[in-house]
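Encoded as structure tokens, the structure appears first; notes follow it.
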Amino acid sequence: MALSKRYNAKESEPHWQKFWDEQGIFRYNSDSDKPVYSIDTPPPTVSGKIHMGHIFSYVQAEVMARYHRMKGMEVFYPFCFDDNGLPSERFTEEQRNVKAQDMPRSQFVELCLEVTKEAEGMFRDLWTRFGFSCDWDLLYTTIDPWVQRISQRSFLDLNEKGFVYRKEAPTLWCPGCQTAVAQAETEDKEFAAVFHDLEFRLADGNGCIPIATTRPELLPACVAVFVNPNDERFHGLIGQKAVVPIFNHEVEIMGDSKVDMEKGSGIVMCCTFGDTTDIEWWQEYDLDLRIVLDKRGHMNARAGFLEGMYWKKARKVLVDKLIEEGFRKGGKDIEHAVNVHERCGIPLEYLVNRQWFVRILDRKDELIRCGNRINWYPPHFKVRFDHWVENLKWDWCISRQRYYGVPFPIWYCNECGEPIFANEKDLPVDPLEDSPGEPCPNCGCNSFRPESDVMDTWATSSLTPQINEKWGEKDEREGFMPMSLRPQAHDIIRTWAFYTITKAYLHSDDIPWKDVMMSGHALNPSGEKMSKSKGNVEGDPLLALGRYSADELRYWSCSSKLGSDVLFSQEVLGDGRRLVTKLWNAIKFAASRLENYDPEIEPELRPYDRWILSRFTIATESATSGMEKYEYSVAMDKAEYFFWKVLCDNYLEIAKKRLYSDDDPSGKQSAQYALYRVLYGSLRLFAPVLVHVTEELYQAIFKKSEGHESLHLAPWPDPDYMDEEALKYGDMSLQIIERARKFKSEQNLSMAAPLKALDIEIPREDLDGLRSLQDDLMNVTRAESILWSEGDKLVIKVVPVDE
RNA sequence: GGGCGGGUAGCUCAGUUGGUUAGAGCACAAGCUUCACACGUUUGGGGUCGCAGGUUCAAAUCCUGUCCCGCCCA
């Protein structure tokens, strides 16, 4: 088949995408005898914000799917969407300009389903256009009824095993989203604040103590005052009582070593609750509970005259009053980190309410041991997992006071208040719509109150391996766990990776996958993390696809070491384009030289042909060992070096004469044999990344003789050809070619200019080996003769024609 | 404050268990109608390997300290 002069990616890419889809090239065959390679694809959040950073990270995993498929494995590569939970609620509210609380839950859920379905269609199209080889028949979404069933089954199983409990306890609370949140959903944000120096009177009337605080509005919530017992300044204070300014209740002054003597005045007030230390003290010393904030962040009746005010206003009003009454002695402007909800950026509060928790704090060692059994690529990210587990402070709060999510399969008895768990056979249930079907097992009462909370999205997305396995379903996949690979970005180690490992451990004392590959982030050209919310247009995948081909963008995605961040740069994208073009031209050339070539013939091989075959073996070995360690960039680098520097720049020039001329049929046959193998081999080394152009070239040139329906079903190269001597002298001879090229360049001559002779001095032991390359050397350098002589080392002299 | 990663040519990055003169691409300069490719090709210029010590016959590489950048966690 004749190839056009230029490769047209715009036409070619959709063509092959359609071909793969129609032929079912990437369909998973559960009946296959091949070993299964299963990928636990990250379900992207359906919130309308896909940017090149997502593509970047997904391509890296996709390349591994293609590699393992070529390695002869049955690749299980599903796609999925995370379309329940807060982000999807937000997305729906934005898209339809509505508020969840303004309508019944069922109506809002309906709307969410509608909006997310539309978005998913667009997402699927987008991923297809990047050449993704997932099997769309395996698609699942986290709101699918059967996925909800697995999620609820997980909850029931954890409950049966005694790993969940419901407790009224101080909980991280987002006043903006009006829900409890988990430790993993928080982040620190710097805020400007004022460190107020306040003065508390001692109850016995003998003086005052200074206390510095950034949260004066919590004064009515003050339940104790602490000093460090080692602080000599305040020894006499412990055991005395202090009077809270304005609110005038008395609190005890206590000693605890957690008090930082250097910070503020060295005396700190304990409120219910300002931070985690307050909670620890409250528990440890059995202090009073004085909650002053409600769920929306407004002051309640306990705050007296501040009642009804949002905390910000209350703070201002109270500070004014403190100044007026002489309790505030000064203040200092500071910047300090505040724990905020990562979804909305609003500072979190600690409220006491009833939530469902998964017990994890007593399992830290076991979880770290599970982490040790998993192969982390690159390995240093495991440290981050270990540290997260070691520093856990809370059990996992899994209840959310939201609307769109997987409901808890629970009702509460109106008589005795006991929770009634759904029957597994009835799952999935929505307690708001369904009823338990049986009277309360505790008291026999028939009146119930449904649990209206939904589960944390991570409670479901931490089950992606079990969802892929169809855990507990009729069509459960046997022997599926642990899965082969979890690909994900490193910023969700503490959430997705952590929770998934936790669930696999709690449910089945197993690891969820054998390998984890951690991708880095895509950065925009100025080095900032890509984010569509920052209005970074260059990060828009659709715009990118207009400017670059999918293969170029895939090449860029694979241009950095696994786990490291990479700039979305014009330069690397240019490199990809050049490589695609080079590949096209080299194979176009080969095609013209391989007409009527019969790959079955085994000719006597010439030295340079043995050299290039040996070089290909070496390149393939390096590329393969890179791929085995998920270092696609190493693999690409080795393939590219071989293809461009060794094959195109040298071998093709060396073999060209023999490939064109019919004067030496056996020499031509030998060159064709090597050329066919190394080019088809190179094509396969590039296939996982440059998926479209390699397919087109394969279909045009190699399919007829190789017979695989698609290049992506062809085996990964595994050459064993090795001729050490050919390798040695082939490499050595490159110095001669280089010398001749340098001479011509210095003389401003064309590379095609003839030379009178090459005068080569060479150690005796290498003379015969190098001389065996003489014919091809004369061809490539255009030297009319080569004069050989013995010497101490290799010395090359060029004799020009006019000398 | 703790942890992890990074600092190598103007830019983006390779550099294996320490071992010739530290590499590539881009950019730059000078050439080249060469029967695949000018989206090409050849040749060349360009580096105190963040800094300071140490170990060694030998350090970009190992050790100690230190500075800067990024990320994660307090």
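In what follows, chains are A, B, ... by sequence order, proteins preceding strands, each numbered from 1.
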Return no unless some side-chain N or O of A:K393 is found under 4.0 Å from OP1 or OP2 of B:rA74.
no
Paired with A:D609, the salt bridge (Lys or Arg N to Asp or Glu O under 4.0 Å) test is passed by just one of A:R677, A:R615, A:R658, namely A:R658
Examine the side chains of A:Y632 and A:Q60 and answer whether a donor and an acceptor come within less than 3.5 Å of each other.
yes
In whole angstrom, what separates A:K382's NZ from B:rC71's C1'?
19 Å
Nearest of B:rU42, B:rU12, B:rC73 to any side-chain atom of A:L567?
B:rU12
Distance below 4.0 Å between A:K582 side-chain N/O and B:rU41 OP1 or OP2
yes
Short question: side chain of A:K793, backbone of A:I762 - any donor-acceptor pair under 3.5 Å?
no
Between A:D491 (CG) and B:rC73 (C1'), how many Å, whole number?
14 Å
Under 4.0 Å from OP1 or OP2 of B:rC26: is there any side-chain N or O of A:R578 that close?
yes
Find the distance A:L749:CG to B:rU42:C1' and express it as a whole number of Å.
11 Å
Write down the partner of B:rC71 under the Watson-Crick or G-U wobble criteria, each distance required to be under 3.5 Å.
B:rG3
Mind checking A:R782 for me? I need base, sugar-phosphate or nothing, with any heavy atom below 4.0 Å counting as a touch.
base
What's touching nucleotides 44-46 of chain B from the protein side, N or O pairs under 3.5 Å?
from, atom 1, to, atom 2, distance (Å)
B:rG44, OP1, A:K742, NZ, 3.0

Return the residues of residues 646-656 of chain A meeting this criterion: a heavy atom under 4.0 Å from some atom of RNA chain B. Order them by number, or give none.
A:C648, A:D649, A:L652, A:E653, A:K656
Side-chain N,O (A:S750) to OP1/OP2 (B:rU34) below 4.0 Å:
yes
Would you check if the distance from the ring center of A:F702 to the ring center of A:Y676 is below 6.0 Å?
yes
Do A:W556 and A:F56 have their ring centres less than 6.0 Å from each other?
yes
Donor-acceptor pair, side chain of A:H387 and main chain of A:R384, under 3.5 angstrom
no
Is the distance between the ring centroids of A:F498 and A:W458 under 6.0 Å?
no
Is A:R593 touching bases, backbone alone, or none of the nucleic acid, heavy atoms closer than 4.0 Å?
nothing
Polar atom pairs (N or O), protein with nucleotides 1-8 of chain B, under 3.5 Å:
from, atom 1, to, atom 2, distance (Å)
B:rG3, O2', A:H387, ND1, 3.0

Taking the minimum atom-to-atom distance to the side chain of A:K5, which one of B:rG31, B:rA38, B:rC35 wins?
B:rA38
How about A:F385 and A:W388: are their ring centroids closer than 6.0 Å?
no
Salt bridge (Lys or Arg N to Asp or Glu O under 4.0 Å) between A:K656 and A:E653, intermediate numbers included
CA-CA 5 Å; A:K656 213 172 238 179; A:E653 297 303 326; 3.2 Å; yes
A:W644 vs B:rU41: side-chain N/O to OP1/OP2 distance below 4.0 Å
yes
Is it the case that the ring center of A:Y499 lies less than 6.0 angstrom away from the ring center of A:W396?
yes
Indicate, with yes or no, if the rings of A:Y651 and A:Y608 have centres closer together than 6.0 Å.
no
Of the candidate nucleotides B:rG25, B:rU34, B:rC71, which contains the atom at the shortest distance from the side chain of A:A752?
B:rU34
Residue A:N391, side-chain atoms from C-beta onward, closest of B:rC73, B:rC37, B:rC35:
B:rC73
Closest to side chain of A:S745, choosing from B:rC73, B:rA14, B:rU43
B:rU43
For the C1' atoms, the ones on B:rU21 and on B:rA38, what distance do you get once it is rounded to whole angstrom?
33 Å
Proximity of A:F643 and A:F686 rings by center, below 6.0 Å:
yes
How close or far is atom C1' of B:rC72 from atom CG of A:D565, stated in whole angstroms?
12 Å
